[in-house]
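A short worksheet on the structure shown next.
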Number of protein chains: 2
Amino acid sequence: MTRSPRPTLKTIAQLTGLAVPTVSRALSGATDIGQKTRERVRKVADEIGYVPNRAGLRLRTGRTFVLSLVLSSEADVMNLTARLINGTATALRDTRYHLTITPFFSDEDPMRSIRHVVETNAADAVILNQILPEDPRVRYLLDKGFPFATHGRSNWADQHAYFDFDNFTFGRLAVQRLAQQGRKSIRLVAPPRDQNYAQEMIHGAEQEADTQGVDLHVMQRITSDDPATKIEDEIAALFQENVPTDGMIFGSANSCMSGVAGLEKAGLTIGNQVDVFSKEAIPFLQRFRPAIHALHEDALAAGEFLARAAIERIEHPEKPVMQFLEVPK
Amino acid sequence: MTRSPRPTLKTIAQLTGLAVPTVSRALSGATDIGQKTRERVRKVADEIGYVPNRAGLRLRTGRTFVLSLVLSSEADVMNLTARLINGTATALRDTRYHLTITPFFSDEDPMRSIRHVVETNAADAVILNQILPEDPRVRYLLDKGFPFATHGRSNWADQHAYFDFDNFTFGRLAVQRLAQQGRKSIRLVAPPRDQNYAQEMIHGAEQEADTQGVDLHVMQRITSDDPATKIEDEIAALFQENVPTDGMIFGSANSCMSGVAGLEKAGLTIGNQVDVFSKEAIPFLQRFRPAIHALHEDALAAGEFLARAAIERIEHPEKPVMQFLEVPK
DNA sequence: AAGTAAAACTAAATCGTTTTAGTTTCCCTG
DNA sequence: CAGGGAAACTAAAACGATTTAGTTTTACTT
C-alpha cells in the first residue's frame, strides 16, 4: 500500500514560492499572471506530473467531467450496444471526460436513472438510446436544460443533439431489393411499435411497396426485440400455414437469425422460395447464411458522434446542436 | 435551466438547529449522538431527499465509490464483453457504486489506464479482463495493494479475486464429445497463446486426447481472436489440402462461425465429414448450424461476481479474496 | 518627484463532507 | 452540594480547487 501523495496546487505553490491561487490562474492561462510566471509554473507542473484533483474541481465548480451513457440492456440490442459503448469511449480518449454506464432494466422507471444524474449532478451530460416519439426523458432533459444527446430521434429532434440511422431509407431499400429479386409478398418484422425508428422503418417500407407495386405486411404479433424462440415459432407457423410470403425483412440481426431458423424449420430455403433482408451491427449474417441481404448500421460511428455532440453541448451550449443521420447504402 | 440547489448537511443542520458535524455523525449512526436526535435527523434527511455530495465525500475521504472496468476492446470479444458490462452494472444496482468503462486499445500500453486509475485515485477498485500469466497489471495492482478483481486467472491467482471459466475442463469436454462421435483427428483453434486461458484449454484438450487415444493438433497460424476472413481462409485451406481432420474445436463463437464458413467453402458439412465444438457467450450457434456442439460461458454471472468481489476488496480487505471457477457442464 | 494607473500577485472565502479535539449539559456519587 | 464522569453536542481544521476582492509593485505621466 505505497500510495505516494499526489502533487496538488499547494505543492507547486511551495516549489515556486507563489500563492496557490496564482498557480491556479497561471495554469489556466489567465492574463493577469505574468508571462514568465505562467511558463515557470507550467514547467514545474509538468515536471512533477501534476494532475488536477477531480473532487476538488467538482466540489468547487460543479463540473464532473463525466458523460453518462444510459442504455437499455435488452439482450437483443447488446451487440449494437457494445459497439456504441466502444465508440463513445473511443471518442473520450484524450479528453478530460470519463464515461459511466447505467443500464436500465425493463422492470424499472426509465426516468429514475436520468433524474438521478440530473439531480445529483452525477454527470455533465447524458447519452440515451431507445428513444420514444414523445420520450419523457427527452422532455425532462430539454426542460431542465441539461446537456444530452440521443441515439435515435424523438418528436422534438430539432431541439436536441442526436445520431440516427435512417430507418425510413432502410425500409425503402429493403423492399426495393426484394422487389428486384422478383418478390411480391413481403413481411416485415419491425422493432417495437412504440419506438420511433419502428415507425420510420414501416413508413419507408410501405411507401416503397406502393411504388414497386408489391404487397407488404407488418408482422403484428412479434417485434425484432422479442425473444428468439417466440420469433422462430411465429415465422415457422407463418410458413406452415402457407400464408403467401416470398420476402422477409428483419429489423435486427438477432431477429433475423431467429426468423431464418423458423422458416428453415418450415422447410424453406433462403434464395429459393424466399429472400431475406436484414439490418446488422456486426457483419456476420453473410456467414450465417450467405444468401441473406444485409445492411450495416454503424454503431461505432454513432458512439463517437454522440460523445462529441454531448461534449459540444456542455462546452458550447450557445452553438447549434450536432445532428447526424446515417443514410444507408 | 432550473436546477434547484440540492440539500446538504448544512440544510439539515439549519432545519434541525444542530451543527453540521452532528448531522453528519447522526446520519452515519455514530453512538455519541442521542438516539432521538439520530431519528429526527434521519427523518428530516429523508423528507427533503438528502443525498450526500460525492465530490465533498471524495475530497474528504478519498473514497470515490467508483468501480473501473478496464477491458480490451477487441471486436471478437465484444459479445462477451457486453454481457460482462451488463452483469457488472447489474450487481452495482442499489449500491453506492458507479461504473466507469475504460476500453484499452491494442495500440497502447495496457499499463497506462491502470496506472492512471491508481495514481489519480479515479476509482476504488479495478476490474480487468484478458489476463496474461504474468500480467504486469496484476503485478502492479498487487504491489500497490490496490483493490481489484480479474476475469481470468494470472499466475498469482491465489493472491487476488477472480472469476474464471474453467477452460481446462472445456478442452477436455470438447475432445471427449468429439471422440464420442467417433472423431479421431481433431484440430483446435485456441485463443492467443499468451493468454492464460489458452494454455488451460490446450492442456485440457491434450490430456483428454491422450486418454481417448485420438489425435489433437493446435492450429498454429491462427487464434480464435483473429479476424474472420483470416480464420475462414486458413480453415478452407486446411480442408482443401486434405489434411486428415474430422473434428474442430473453437475457442469462441466468432471464430467458430468463421471456421465453419471456411470448411463449408471447402465442401464439407458439419455432422457429416466433420464435427464442430465451440464456446459461446450468447446461445445462437444452435441457430447458426444446428449440428454444432456448443458450451455456454456465463459472462453475465462473471460480471456480477466480479463486481461483488471488487467491492468486498474495498470494504473488507482483511477477508480472504473471493474466487470462482465456472466449471462447464 | 509626486501622483496615478496598470500589472502582478495574494488573502480570504467557498464548495460539502468528516475527523479531531474540545465544550457543555446532566446525572450520579459520596 | 461539590466533584467526577459519561453523554451529547459543537468548533475548527482539513481535503483541493476557484473566485472575489484586495494589495503590492512597477512603470509611466506631468
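Here is the naming used below: chain letters follow the sequence lines, and residue numbers restart at 1 for every chain.
Atom CG of A/Leu27 is separated from atom P of C/dC9 by 13 Å (rounded to the nearest Å). Distance CZ (B/Arg63) to C1' (C/dT19): 16 Å, rounded to an integer number of Å. Remark: C1' of D/dA8 and CD of B/Glu39 are 15 Å apart, rounded to the nearest angstrom. Rounded to a whole Å, the CZ atom of B/Arg58 is 15 Å from the P atom of C/dT17.
An OP1 or OP2 oxygen of C/dT10 is reached within less than 4.0 angstrom by a side-chain nitrogen or oxygen of A/Thr22. A sub-4.0 Å separation between OP1 or OP2 of C/dC9 and a side-chain N or O of A/Thr37 is present.
No more than 12 heavy atoms of other residues, nucleotides or ligands shown are found within 6.0 angstrom of CZ on A/Arg96.
Under the 4.0 Å criterion applied to side-chain N and carboxylate O atoms, B/Lys43 and B/Glu47 are assigned as salt-bridge partners. Between B/Arg42 and B/Asp46 a salt bridge is recorded (basic side-chain N to carboxylate O distance below 4.0 Å). Looking at A/Arg115 and A/Asp109, a side-chain N of the basic residue comes within less than 4.0 Å of a carboxylate O on the acidic one, giving a salt bridge.
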| Under 4.0 Å protein heavy-atom contact, by nucleotide of nucleotides 12-28 of chain D - B base, S sugar-phosphate only | BBBBBBBB---------
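Once rounded to the nearest 0.5 Å, the distance linking CH2 of A/Trp156 with CD of A/Gln159 reads 8.5 Å.
Aromatic rings of A/Phe65 and A/His98 (six-membered ring for Trp) have centroids beyond the 6.0 Å cut-off, not under it. Checked against the 6.0 Å centroid criterion, the rings of A/Tyr162 and A/His151 do not qualify as a close aromatic pair.
Across its full length, the helix from C/dA1-D/dT30 to C/dG30-D/dC1 shows an angle of 60° between the axes of its 5 terminal pairs at either end, rounded to 10 degrees.
For the salt bridge (Lys or Arg N to Asp or Glu O under 4.0 Å) test, no residue two or more places apart in sequence or in another chain qualifies with A/Glu315.
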